[in-house]
Structure formats: C-alpha cells, structure tokens
Amino acid sequence: MSKYNPHTQTRIKEVLKTLGYKSVADMYKGISENILYPELQTSNGVTEIVCENKINNLSNKNRVYDNCYMGAGVYNHYIPQSVIDVYNDKVISSLTHSDLVKSNSLMQAVFDVQKSLASFMKMPATKVSYQDKNFALICSCIALVSSERNKLLVSSLVKPQTKGVLKVILPLFGIEVEEVDSLGLPNTNADFIEKSINEKVFAVYVEQPNYFGTIEELEEIANITKLHDIKFIVGAYPTAFGALKAPGECGADLVVGDLQPFGLNIAFGGDSLGFVCADEKTLLAINGSYISITENNELVLQNNDNALYNNQIPVRAVITCGAYLNYLGKDGLKQVALKCATNAHYLNFALAKAGIGVKYKNEFFNEFITLSKCTAENILNALSQQGILGGYKIGTHEILWCATELNAREQMDKCAAICGEVNK
Amino acid sequence: MIKSIFEFQKTGLNTAIIGDNSIPEYQFDAKYLCEENGAFEFDEHRLNLYYSALSNEIAKEIDNEENFKSFCPKFVQKEYRGFNKLHPSQKKRDIQGAGEIVYRVQEYIKDITGLYAVTTQTNANFSAKLTALKMALDYFKEQGKEKQNIVYITSLAAKNENFVGLSVKTVTIGKDIKTSLEAIESAIDESTALVIISDLFFGGVTSENITKVSEIAHKNNAFVYCESDNFARFLSVVLPSDLGVDIFEFNAEKLLNIPSLNGFAPLAVCEKLENYLPQPYAVKDKSGSYSLLINEKDSWQISTLVGSINACVRLYAYLSVLGSDGLRNYAETNALNCEYLKSLSKQKINLVPSECDDFSDIEKFIKRNK
C-alpha cells in the first residue's frame, strides 16, 4: 500500500492543537455524521510492484501490430526520439494551462507553435486549445452562426464519427446540419454543394483528404462559397500538407484539424489536440484560449469571458506537436507526406497485382478503398493471423487501407500476398 | 525568459529522416502540390539546446512564483506500449486490456462518488458541461418537460449569459452564506435544467448548504452538477451522491494531480441519466470478457471511443496504490494543509496547498507573502 504523508505524527498533533481540533476527523465536523467516512468497495492499496505488474498484464492483453494499415482518422506515424524526449521532459510533462500565466517562456513557446501552425496551413492565425478536431469545429460553428443563417452544409464524405458528433451536438446550439450527398462519387461535387446552398446556410464543411482518402478539389468549392458569401471550413489531416496545397492556399476561410499525427501516439484514439486556423478577427470570436501579442510586443493569455465555454490550452500536447513541426521542418514534413503517398500508391499497386482492385480511380493521398471478391472479414482475419492489422472494413467487400512512412516495402508485399491468397 | 524559437531558424537544410528509398517517389499531378510548404527550418542540434533551455527557464519562472507544488508518483506517469500503440478501430478480441482498464476506472469512480454510471470520454470544462447538459436535456425531452435555464453557482465573478441555448443565471457566493442561499433558492425554478456548483463546500465544510441546494434543485426537477474544485480533501470522506449531486466532474488533475494531455475529466452520473450517457463505455459480460458497449439505436459520442486511454491508465495506477485507506489519508492530509494555511493567513488565498506540502512549506509561504 502506498501512503504519502509529509507530516510526522508529532507535528500533526501540534497543528491539530493549534487549529483547536482533537482529531483529524474534527476537520469534517460540519458534515452530517451519517454520510461521513462511507465504506468503499475499493480494496486497500497495493504496492508499486504489484500495480505495475497488473498494468503490464493488461497492456499485454491488448494486441499491438507492428505492420499496420488502419487509419480512418487516427494515424500511426513515426515519432522522432527528439520529440519523445520533449514529450517526456520532466518539466514539460507536468505543465498545465494554469502555468501559462506564471511563465513568459512558456507563453512564448506556445505563441511560437501557434505561429508555426498558422504558417504551415497558410492561414493568418491559429488557436490550439481544443480537445480534438470535432470540438474545434463545434466552437467555430457556434461563433459563425447567426439567427438568419443557421445551417451548416457537410459533405457526405466527411468522417462518419465527425458527422455523428455534429448531428447530435450542433442542433443544441440551434444549428441545422445538412449532409450533401456525393451520390456515390468519391469526391465532393462543387455543383451538388451549390445546389444545396440557400439563404440559411452560413458555412460548408469538407475534409482534405476526405474519408475515402480522395483529394478534394478545394479551390472549386471555395469559388462557390465565395460567390454565395458563406464560409468555407476545411477539416485538415495535417501530414498531407507537407506536400499538398495547404487549405489556406485553396481558399479556405477556416481550417480545423487534429494534431495527433504530429508527434502524438495513436493511444486508442485518445491522444489528440484540436486546432482552428482563421483570420484574427474570426479567431477571437471563437471560444478557446489564445496567446496574442500586443502593440508593445507583450504576450497576453486571452481566456474566454464565458467560463462555461472554457477551452484551455493543453500545454504539453502543444509543445510536443510544436516540437514535431520544428524537428521535421520544411523538408522533413515534405518527405513524410510524399513517403506516405508513395507507400499508399505502392500498396494499391501490390494489392491490384494480387487481384484486389481499387474502388475509385480518383487521386488519393495515403488512404484508398479496395473492392474484393471475398469478404473483407476474411481478408482481415487472415492478415490478423499473420500479425498484420489490415485496413478498416467499410463494407462487406470493401476495405479502407492506409499507409504511412512506417510501412516498409517487404511488409506491403507480404500483406498483398496474403490478401491475394484469400481472394482467390 | 527564453527567446522566440524563430531566432534559431536556418535555411537550406536538408534533413534526411526517411530511410527506405526502394520505392520510387509517387508523382502527383502538379495541381495538387504546393510549391513549398509553410513550415520553418531548424537545425536539430540548436533545437535540442532550445528545448533544454526552455525546460530550464520554465522551471525557474514557475519556481519563482509563490505557489505550491503538486505531486504525482513517477511510476503513475509511465506509459505502456500496449496502450500507446492500440488503434481505436481494432476488434474486441484485440482490446481486452483497454476494455478492462476502462471498466475498472469506471468502477473506481462509481465507488468514490457513489454515483451509478461513468463516461470517460469527457475532458474538463466545456466538454464535460456540454455532455452533462445534453444528457439532462435528453432526459427532460423524454419526460416531456421543457427547460430554459441553467443556474451557475460560483465564488468568482463570471460573465455567462447563455450556454447551449439556455440562459444562465449566475449566483455569486458572498461572505454571507444565508443571503447566498436565498439568492440560489430564488434563481432555481421549474424551468431550470442544471444547477452547476463549482465548489461543493462553499461557505465552509458543512453538508447543510449543499444539501439545501440539492433539495431545492430536485424539488424543481433540476439536476445538480458539481465540479472538482477543492474536493480533493473530501475524496472518500464523503460521497457526492450523499450530498445530492447527480453529475460529478471527476477532474483527474484537480483531484489527484494526474497529468493528462487534454484535461481528463470523466463524468459520473446518477441512475436516471445512465441511459443517456455518450457511448461507448466499458462493460463486462458474463463470460468475463470486456467490450465497449454501443447501443446503435441511441448511441452518441462526444469524443473518440473512451477518451484518453493513457489518462485512464494513470488514474487506475494511482487509485490502485492508494486504495481506500490511502485515499482517505490523501484527503485528510490535503484538508489539514488547507486548514493550516487558512489559520496562518489573514487574507483569503486562492492557492491551495496539496498533500505533498509540509507544514514548514506552508509557514514559509505565509512568511514570503506577508
């Protein structure tokens, strides 16, 4: 059992006497006796060794695959040791939002990350104070909606989890969510978007790349939204913009995203950091803490006035993702992006050679869907038996594959060979 | 203070980080590609120096501030590959360890709060309150009741006019508790959905005030939501449910100093709200295996799967070594430190000593702040 107590019994007795208490329990005398010190089901504490063994056993019950082709919103990227060291730094790992007001150096570091990310997305400014992309998007919509315009158009090719959250949460804020069907096409069609626009629409939301991995024609959609004077919000997979045109270059008014691919583990989907990029005026209207700079070059932490909407800056995650951006830099980020794309296209080629063709011929970044003769379940089970985590099953015969810079040629060849065998 | 990182910039660098070049690079159509991405260039060695200096500077600046340190055992902060490298879309058979640890954390929180069900999807503040309000509104909708406001009870000045389409009535607790209670009573009515309390024991350590507030809230069919502020000294000493709390925001950082990437704060809820929880959450079936329950018909999510699995692991580790007796000792030490600080200080101090502070730390703090 682990008990930490900084006080000796002698000192405790002295202090109790000073405070006018006979015993420790006297401190709680204002609480009704019948509810004081309830009996808990929780057993007594165990030692550190026992606890660590327990957790190790639980960890070993999870099956982790080194050869992984699953994406669907959570991506397995390489994290350089330098970034891991920053994440594990004894000071940085203990920082919280409340430390920002105590340390100018910390504010400077967070401000620098905001600036780096804004530059990377080719947008004016950034906030990095959200739990994940969905929250960043929700807060953006709350800021943009008005009583006259309260409808958000969402492409049907947005990730299902995001659509699910939007359809449940945004109506609570009086925002209507309308899905624009792609009618079986793997790209969001700008004409379909235009047909759905009316006087109630305030914004269009599209993801780049989309759920199927296809690269959207963002400029075409941006032209439509500008024509109708509505906002164009792009949900970004940040890795892609090491090589692809950034949303800011394509006419996006707002960019939201999750920085998990930038130095955070996949961690069962739980390690995430949402961000929003926009012009400064729009950004300030969106709930979320922010480091800004005054005319006198002083850094200021801006929090929400409305405490219930409080979105604080998760400092450890921000510094870690900033470190990833910095350590890889311009050239490294481009290499990662191109490597992801190269590997995905190679995997596509290898699977096609094995008889499993791609479903859509449109250009994709690092995810694509295949259509097989046999069921997706059979393929994925066969791969699992060989220690390979296949793609994400999205239909009886359809799998969404993802490749990153971590996938080696031999591994992809092995994967394709197994798939080919099952699909015969 | 540290310089801006942009003073370490260097152009013309070519960082080779990708090893395997056996596959020829894929050639995109030029229309998709940027000429140059917007990232900056740095030298790895200088970055190492920068981050080392950053860490030292922050430590110095925070140490200079008059504040108390928080304590969390080092081994609690350890991360495990089996959780870090687990993908959320893996099958049930692959995630038994994750399922079990989330289940056990849910059970621990239910035990410590006395409440009925737990979701680990939420993070502190907006995420937790949004989830709580959605659950409450879903419940009232099914009951055929329409609610229009939230009552927010706080000791700090607050500017909250509305939240999620409901108007917010803020009641600021003053020195005169009797007047404050009267103000609370007049603020809560039949159209109140949620009464949010930031500090359960406002007005001192007495169950009378909070029980009064809970009674008024329940009489008006409103749910009582409680934040974790200043509750560390009451962990396992009293159950929030016994005080009439219906929804408790179990903020792991505020209660147990457990660091998390994003402010991990599971919500524990009363029985009435069990069916309205975001899904999935962990369940144990008759065969003893663990899964993440999703009831397709009514399910909704606020976040990915079960929120932060690493934070769940840390919470599980700390609660395992503390146990029920250790938790009691933790709370009592915390309470004793707070009482001692209050007795030595003539002014109200917002900083709270933690369970790791020695009495002499508190005495030094008072001396420095005279």
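Residue numbers begin at 1 in each chain, while the letters A, B, ... track the order of the sequences. Note that these values count all heavy atoms, side chains included, but never hydrogens, waters or copies made by symmetry. A quick note: this is a predicted structure, and the numbers were derived from the prediction, not measured.
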Do [X] and [Y] make a side-chain contact, defined as non-hydrogen atoms from C-beta onward lying under 4.5 Å apart?
X       : Y       : value
V165(A) : W300(B) : no
I31(A)  : F234(B) : yes
T42(A)  : L319(B) : no
Y37(A)  : V238(B) : no
I35(A)  : S207(B) : yes

Could you tell me which portion of [X] (side chain, backbone, both or neither) has an atom closer than 4.5 angstrom to a non-hydrogen atom of chain A?
X       : value
I196(B) : side chain
N84(B)  : both
Y50(B)  : side chain
E107(B) : neither
L137(B) : side chain
P24(B)  : backbone
R328(B) : side chain
P259(B) : side chain
V76(B)  : neither
K129(B) : side chain
N56(B)  : neither

Heavy atoms only: give me the nearest [X]-[Y] pair and the separation to one decimal.
X       : Y       : result
S105(A) : E57(B)  : OG-CB, 3.5 Å
A317(A) : L261(B) : CB-CG, 3.7 Å
L86(B)  : R63(A)  : CD1-O, 3.7 Å

*Report yes or no: is the cationic atom of K115(A) (NZ for Lys, CZ for Arg) under 6.0 Å from the centre of the six-membered ring of F6(B), at an angle within 45° of the ring normal?*
yes
With chain A, which of [options] has the greatest number of heavy-atom pairs at distances under 4.5 Å?
options                            : value
K91(B), E35(B), Q77(B)             : K91(B)
L239(B), V205(B), I309(B), V164(B) : V164(B)
S89(B), G165(B), G307(B)           : S89(B)
K85(B), E253(B), E208(B), Q96(B)   : K85(B)
N125(B), D94(B), L305(B)           : D94(B)

Residue pair [X] / [Y], side-chain donor-acceptor N/O under 3.5 Å:
X       : Y       : value
Y108(B) : Q41(A)  : no
Y28(A)  : E332(B) : no
Y80(B)  : N60(A)  : no

With the threshold set at 4.0 Å, does a side-chain nitrogen-carboxylate oxygen contact exist between [X] and [Y]?
X       : Y      : result
E100(B) : K61(A) : yes
E219(A) : K31(B) : no
D112(A) : K3(B)  : no

[Y] backbone acceptor or donor facing [X] side chain under 3.5 Å:
X       : Y       : answer
R409(A) : S22(B)  : yes
N62(A)  : G82(B)  : yes
N262(B) : Q131(A) : yes
D325(B) : N44(A)  : no
K330(A) : E41(B)  : no
S119(A) : G38(B)  : yes

May I ask you to check whether [X] and [Y] place their ring centers less than 6.0 Å from one another?
X       : Y       : answer
F83(B)  : F268(A) : no
Y51(B)  : Y327(A) : yes
F359(B) : H7(A)   : yes

Side chain, backbone, both or neither: which part of [X] has an atom under 4.5 Å from a heavy atom of chain B?
X       : result
V74(A)  : both
E14(A)  : neither
I169(A) : side chain
S116(A) : both
D271(A) : both
L19(A)  : side chain
M107(A) : neither
L264(A) : side chain

To the nearest 0.5 Å, what is the distance between [atom1] ([X]) and [atom2] ([Y])?
X       : Y       : atom1 : atom2 : result
C51(A)  : L322(B) : SG    : CG    : 10.0 Å
K339(A) : I23(B)  : NZ    : CD1   : 5.0 Å
L389(A) : H87(B)  : CG    : NE2   : 7.0 Å

_Geometric class of the F365(A)/F28(B) ring pair [parallel <30°, tilted 30-60°, perpendicular >60°]_ = parallel
